[in-house]
Amino acid sequence: MADSDLQRTHPLTVVVRSAKVLSQTLVGLFAVMVFGAARDGGLAVLGFAALVLLISAITAGSAWLTWSYFLYGIVGDDLVIQSGWLIKKHRSIPLARVQGVDIRADLFSRLMGLSDVVVQTAGGGSGDAEAKIGSIPLASAEMLRAHLISGKRREVAAVAPAATTTAAPVGDAGPESAPQPAAAAAAAASDPLSHMSDFRGMLGGDQHPETETVFEHAVPLSSLVVAALTSNAPLVALFAAVGFSGQVFQMFGSDTTDAATSVVSSLALPALLLSGILLFVVVGGIAVATTVARDFGFRVRRAGPRLETEAGLMERRMTSVPVRRIQAVIVESTPLRRLFKLSAVRVNTAGFGRSEDNQSTTASALIPITSSKQVRPLMHQLLPEAEQFPQTKQVPPHALRFYVLLPTSLTALATLAAVGLPLAANAALQTSEALALATPLILTASVLLAAGIVATTRVLAWRAAGFGADKNAIAVTYGVFGRYRVRIERSRIQSLAIRQSPFQRHAGLATLHLATVSGSSESVFRVRHMGLSDAVAIENWYSPDPVV
Amino acid sequence: MISCAIVGCSERAPEQTVLYTGTMSDLQTPANHLDPRVKTAWRLEAGLAVIVPLMIAIVFPALASMMGIPGWIALAAFALMMGVVILVVGIFPEIRYRRWRWEVREEEIRLREGLIIVTQTVIPMVRVQHVDTAQGPIMRALGLSDVHIWTAANKHTIPALTDEHAADLRDRIATLARVTDDGGL
């Protein structure tokens, strides 16, 4: 292979990379300068300027070296990437092994008309599961993506004019209301920010280069806000606020023995409540805003054998996943979403997941939010191959004790130790008769409360646990307050295992493990404490050489 | 009788018939045992792992009398340690050996293993990405090798086969996996 087959990224890469590094370093340096100026005056400012110059020069030099030694190209049936000026690295990725291709561009890159291409290969979430080609013009990125996702096909798909597309954003409308260009235009007009969500439109590229788009689903801003509000983020913020208030209350509460402190405490209680609420609003607001910004302008389209998504306000990201690379489809209703009959759909693919940034959720989101009723019609349009979930049945009633007994007993023991030991060590107990009398009550109440909560959640987990298979796929359901349904094609299950503890053996139960390939941690799906005969039936269903 | 909800039915076509049924007796045991010398290898490995705690347990009674710790505590600690040693060196390898079964068929690999929790695994040949053999110093001394079977999701191991047997099995699995390859994940 000759190096002439390979090419460099855009020269502006040096500027983009330097700017990113400098923007992160200079904030810290500036803070140091401010503190230094307060103490040493002008000398610190001079020192700061010299340091900035030095760091800028080093950063720019390093960025230039990295850029000049980075070469990429498609050679034969491989994507070849050469990099490194100190340690040379040569990577060859067979096109047939490409799991998906992302195009990403943060705000700075977008202003310069550049984008990154991130190639996902199978690798179980390891660092090598991704290959990034940074900062190339968007048109080149689109062409490279076309090469990569067409597998061994060398020809680049012809770029079609925007007018030929049949795609239309349809909001939450299902297939009953067929996608109409007019309706799409109306939907776009009703969303004042919709123009910002079109990645290629913003950059002056072609609206939809693929003529094969058959269906497009755009999620309006209002739905994304609902999705963020009903995600787990506000609940986390609530717990944080309650935890914070509890800590502060303990600090005040322990100091209420004299009258003066008591007055202060009585005044502090409303302030404490107010600060707790404020904390919840601020933390929750930031979490919701981050989620909305991440999913902003979310669109998913089915383009022939591929699913393409784009989303993001600050960093715009386009993901292209060949349908045959999808390992599992997950329909999820978080606790809040269940209340409002809302669901989200995401897909597990081999490459995405623990990537270098936090975009894994977006990478795998297929439908960020929709009404539960609309899941099936939307899936029918976007992913008809996985539209049908096999009917499921619950794990047997006598499995309930396996779900409840052990976790509840362990929790009761842990609570007994956590509450009982400090109480026993409390010197006040030795002197106060009233406290000594109250101790068993406090202990019993704590243990009952903790055990009751755990038992309730375990009963809910038992109720949610289910499984079922049809000819092509298996469905697994689980959850506690939320509800999750997973569909895995039989051909995507890498291995199947049946596990039995001695207690399960005695009760005729087993735990089923289905191993799939996924960049995320959620790659093994389990059905705990199902009937052994059902597990054997599933094993026979899966086995290429079944017993029956 | 397996309900139609488990296999063979779907939300859209509940009238489809049951494809497979299964009973406890269908959880068939793979045919082959490991090489019996694996027990020696496991015992040596376990022995190396417990040698430091064992030494502490041996010298503890002497130290305890010097430190004024009651003799029965030192004795109980020693007895406990000896119990652990007997379990991990003497009994566990024997149980593991008896439980461990494997079978390589034309279209799948079946493994059964486990000391307390027994796991039976099915790996379709079409899902095998690659296969290799490996041996550590103890295994090398005993002339044994492990066979590692890699799928895209995880690694499975058939431990302690004779070197020749492991090499043959590795080549056989590689050949069968190539024959059934479907060209990707």
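Numbered from 1 within each chain, the chains take letters A, B, ... in sequence-line order. Just so you know, these numbers come straight off a predicted model, no measurement behind them.
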Original post:
Under 4.5 Å between any side-chain heavy atoms of B:R127 and A:S495, yes or no?
Top reply: no
Subject >> Among B:E106, B:R105, B:E108, the one residue meeting side chain to side chain contact (heavy atoms under 4.5 Å, CB included) with A:P544 >> reply: B:E108
Subject >> B:R170 CZ: over 12 foreign heavy atoms closer than 6.0 Å >> reply: yes
**OP:** State whether the number of non-hydrogen atoms from other residues, nucleotides or ligands found under 6.0 Å of A:R526 atom CZ is greater than 12.
**Re:** yes
Original post:
Distance from A:H513 atom NE2 to B:T121 atom OG1, nearest 0.5 Å?
Top reply: 9.0 Å
Original post:
When rounded to the nearest 0.5 angstrom, what distance separates CD1 in B:I117 from CD in A:Q500?
Top reply: 10.5 Å
Original post:
Tell me the ring-ring contact (aromatic ring centres under 6.0 Å, His included) pairs involving residues 486-512 of chain A, sequence neighbours left out?
Top reply: none
Original post:
Under the ring pair (Phe, Tyr, Trp, His ring centres under 6.0 Å) test, which residues partner B:H130, sequence neighbours left out?
Top reply: B:W150
Subject >> chain B contact via A:I493 - which portion, at a heavy-atom distance below 4.5 Å >> reply: backbone
Original post:
Any side-chain heavy-atom pair from B:V118 and A:R505 closer than 4.5 angstrom?
Top reply: yes
Original post:
Can a salt bridge be assigned to the pair A:E539 and B:R110 using a cut-off of 4.0 Å between side-chain N and carboxylate O?
Top reply: yes
